[in-house]
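Throughout, a chain's letter reflects where its sequence line sits, starting with A, and its residues are numbered from 1.
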2 protein chains.
Amino acid sequence: MATLKEVAKHAGVSITTVSRVMNDSSKVNPETLQRVRRAMQELGYQPNRVAQRLRTTSGQSKLLGLIIPDIQNQFYSSIVRGIEDVAYDKNYAVILCNSDEDPGKEKFYLDVLQSESVDGIILPPIHQHGKVVKELIKSGMPVVCVDRKLSRERVDTVVINNEKGGYMAVEHLLSLGHRRIAILTSSPQFSSFEERQRGYEQALRDHGLEIDEKLIREGDPRSSEHARQLANELLELERAPSAIFATNNLMTLGLLEAVNENGLQIPDDISVIGFDDMPWARAVTPPLTVIRQPGYEMGRRAAELMFQRIADPRREQVQIMMEPGIVLRESTSRWVK
Amino acid sequence: MATLKEVAKHAGVSITTVSRVMNDSSKVNPETLQRVRRAMQELGYQPNRVAQRLRTTSGQSKLLGLIIPDIQNQFYSSIVRGIEDVAYDKNYAVILCNSDEDPGKEKFYLDVLQSESVDGIILPPIHQHGKVVKELIKSGMPVVCVDRKLSRERVDTVVINNEKGGYMAVEHLLSLGHRRIAILTSSPQFSSFEERQRGYEQALRDHGLEIDEKLIREGDPRSSEHARQLANELLELERAPSAIFATNNLMTLGLLEAVNENGLQIPDDISVIGFDDMPWARAVTPPLTVIRQPGYEMGRRAAELMFQRIADPRREQVQIMMEPGIVLRESTSRWVK
DNA sequence: CGAATTAATGAAAACGTTTTCAAAATGTCA
DNA sequence: TGACATTTTGAAAACGTTTTCATTAATTCG
C-alpha cells in the first residue's frame, strides 16, 4: 500500500503537504492540491488507519468496540446491525466481541478495546452494578449502554421500558381471563430481566392477585435448553399455569419445545406470550403473540449517541427509553375454566 | 494507560529491556525480569496494540477482518461465532463488516481492513468470479473463503457439499412420491446457490424427470419477503408443485408465510424442506425437515485455516468440504395423488 | 518604498512499539 | 594472563501518520 511519503515524492512535495490535502485542504495552493490529488489517485493511496490512530489522541480512530452477550441471539444481531449501519455512514468499523455473560470475558475485551484505542464502546453491561464498566467511564472512554442499564451512573443509555413491557404482557393475559400466569425470567443482575419481572409482578398486584414464587423461574438467558427444562417443570406443577410469559426470544423457543413435548395445544391448553418479535414468530403455528422491542432501532440510536459523545465529550448524558409494543397473534386466547 | 516508557522508568531499565520481557524473556537476566514484571503489574501495563501493529510488518496484528452479507442471517451469526471463539483463544479480535451482497460495500470494507493492517480476512465472496478478492489474495493478504467458493483460485476454503445437499433434499422428496418439486434459489453468482440448484436438477434428471423452468425461482437471498412473493407465485401456478425446496433459512421463512397465507396445511397439502437447521426449525408446527449445515463448525474451521496460514504464509492451500445432513421432521410427507 | 501581514510550504518531533546494532560486563579457554 | 565468546543491556531507527514551528514568498498598508 502506498504511503504518504510515496505520494509526496510522486507529487514533488513534502509529506506535510500531502497530509494537509487529506485533512484541511483549505490551507494549500489550488495547483499543488491538484497535483497531490492526482498523485494520490495514481498510487491508489489509502491512509493507514493504524498510523492515524497511533498519532491522534482520541476521537479519530474510526473504530468502535461492541461487546454483546452472544451474536447468535437474534435480538443482539439486530442491535449490532443497527450500530454497524450508522458506523458505516461515518466511515467507522466495528470490533465485535461476545462476552457469553462472563464478566471475565467482558473485562478481557474491555482491555483489548482500550489497547486498540477505539473511539468508544457500546455494550449491554453484564452486571448493572458492575464496577469495571463504571471505572472505564471514569477513565474518560466514551461508553453507551444499550438494552441494559448501569445503575446509579451517568452514562448514555438506550433501553426500552422493560417494566412496561412486562406489565403489558401480563395485563393482556389477565384481560383474557388467565389467573395463574407463570414467568420465565433471568437473574436480576441484568437490569432488563429484573424490570420485566417487576412489570409482571406489578400487573398481578394491580389486579388483586398475589405472587406465587412457584410460577417464577429464573433461567440462563442464553439457553433455550435451560428454558425448556424450566418450562417442563412449570407444566408438571400440580396447579399448572394456564399461561406462560417468556422474557426473551431464546427462552420462548425453549418454552415452545416444552409445550410440544407435553402434547399440549397452543392456545387451547395453554397461552404463550414471548418477548422479542423475531422473524420466525409469525411463521410458527400458531403465530406468536409477543412483546416487541425495536432492536435495530435501538442499535442505531446507541450509535448515534456514541457519535454525539465523540464529537462533544462533555455533553450531558442522555437516557433514551423506547416503547415496547404488543403484537397480538394467535398464541394467546381466552381462558374460561 | 501505562506505556513501555513508564514501565521502564519505574523498573529502572530501558524500554528495550521491557519490550524483551514482553516478547522473548529468555534473553534477560532473571533478576531484571522479576523487577520488570513487578513494574508491569504495579502499573497495570497493557501493550498498545495499535503501536504493535504499526511496527510489526505482518502476522502479529492480533486482528482479523470478517465480511459477511448480513449478521441478521442466523446462518452467518453461527459462522461469526465460530470464528470469534477461535480468535478469542488466540487473543485476536475481530472486525465485523456487513456487505449486504453489495460489491461496492465489499470493496469498501476490503480497503478499510487493509488499512487497518488486519492479519487476514475471512469472507464468503459475493461474486465467485469477482476480481477484487482475487487481487487481494495476489497482494499477499491471507484470505479464507467460507460458505462460498472463489472459482479458479487457489485459496483456503471451507464450504459444505452444496450440490449433495440439494440432491439429498430432492431425493428425499422424490422418495416420498413427489414429482412436481419447486425450488426457491438465488443467483448463480453465489457458488452456494448455484451448486444447490445443480444438485436439485441432477436429482430430478437421475429419476428421469425433466426440469420445468417454471418451478425454479431465483430470489434475493437476504429477503424472506421476496421469497414469500415467489412462493405465492408458485402456489398459484395452474399446475402447482406438491413440494417446495427453499435453499436458505430466510427463504424458508418466506415460504412458510406464503403457505400460511394460502391456507394450506403442511405437509398434507404441500411438503416443505428448508436449508439450514435454525433453532426455530424444530419449534415451528409442524417441525421442519431441513438440510443441515454446521455453521458454527464451518466458522471454527475457517478461523483455524486462517491461523495456520498466518503462521505459515506459504503452506499449500486447502479446501475443506464438510458434509450436509438431512434432518427428517414432519414438514415432508408421502404424496399419493 | 519599507514594514508588516498573510499564504504556502517543509523539517522535525511525536505517538508506542519492535528491532538492529553496538557496548559493557562477564565467563571461558589455552 | 590475555584473547575471545557469551550474556545482558541500551541507544536509536523505524513503522505512517499529525502537528508544531519555522521559513520563504507574496500581498497589503501607511
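- Atom CG in L33(A) sits about 14 Å away from atom C1' in dT9(C), given to the nearest Å.
- We find that CG of N23(A) is positioned 10 Å from C1' of dT19(D), with the value rounded to whole Å.
- Separating the CD atom of E6(B) from the C1' atom of dT17(C) is a distance of 14 Å, rounded to the nearest angstrom.
- With rounding to whole Å, I15(A) atom CD1 is found 11 Å from dA13(C) atom C1'.
- Atom CD of E116(A) and atom C1' of dC15(C) are 15 Å apart (whole Å).
- Donor-acceptor pairing under 3.5 Å, judged by distance alone, is absent between the side chain of T32(A) and the base of dA8(C).
- Classified by interplanar angle (parallel below 30°, tilted 30° to 60°, perpendicular above 60°), the ring pair F108(A)/Y88(B) is perpendicular.
- Donor-acceptor pairing under 3.5 Å is recorded for the side chains of D119(A) and S61(A).
- Distances were taken from every side-chain heavy atom of N29(B) (C-beta onward) to each of dT17(C), dT9(D), dT17(D); the shortest belongs to dT9(D).
- When the C1' atom of dA8(C) is taken as reference, atom CD of E31(A) falls 12 Å away, rounded to whole Å.
- Distance CD (Q52(B)) to C1' (dC15(C)): 14 Å, rounded to an integer number of Å.
- With E153(B) as the fixed residue, the salt bridge (charged side-chain N to carboxylate O under 4.0 Å, His left out) test singles out one of K138(B), R148(B), K131(B): K138(B).
- T56(A) comes within 4.0 angstrom of the backbone, heavy atoms only, and of no base.
- When distances run from any side-chain atom of T3(B) to the nucleotides dT9(D), dT17(C), dT17(D), the shortest one goes to dT17(C).
- With hydrogens and angles left out, the side chain of R53(A) and the base of dG16(C) share no donor-acceptor pair within 3.5 Å.
- The V28(A) side chain lies nearest to dT9(C) when the options are dT17(C), dT9(C), dT9(D).
- The side chain of L54(A) lies closest to dG16(C), out of dG16(C), dA12(C), dT17(C).
- Using modelled atom types, one finds a donor on one side chain and an acceptor on the other under 3.5 Å when comparing D85(B) with Y296(B).
- The base of dG10(D) sits with one of its N or O atoms less than 3.5 Å from a complementary donor or acceptor on the side chain of R20(B).
- The main-chain N or O of K149(B) is found under 3.5 Å from a side-chain atom of S191(B) such that the two form a donor-acceptor pair.
- Nearest nucleotide to the N48(A) side chain, out of dT17(D), dT17(C), dT9(D): dT17(D).
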Quiz item: Given D156(B) and Q317(B), is the side-chain hydrogen bond (donor to acceptor under 3.5 Å, both in side chains) satisfied, shown in steps?
Solution: CA-CA 5 Å; D156(B) 292 315; Q317(B) 289 83 355; over 6 Å; no

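- Within 4.0 Å (heavy atoms only), V13(A) reaches sugar-phosphate atoms of the nucleic acid but no base atom.
- Within the structure, a side-chain polar atom (N or O) of T17(B) is placed less than 4.0 Å from OP1 or OP2 of dG10(D).
- The side chain of Y45(A) contributes an N or O atom lying less than 4.0 Å from OP1 or OP2 of dT17(D).
- Taking atom CE of residue M1(B) and atom P of nucleotide dC15(C), one finds them 16 Å apart after rounding to whole Å.
- The base of dA11(D) lies close enough to the side chain of T16(B) for a donor and an acceptor atom to sit less than 3.5 Å apart.
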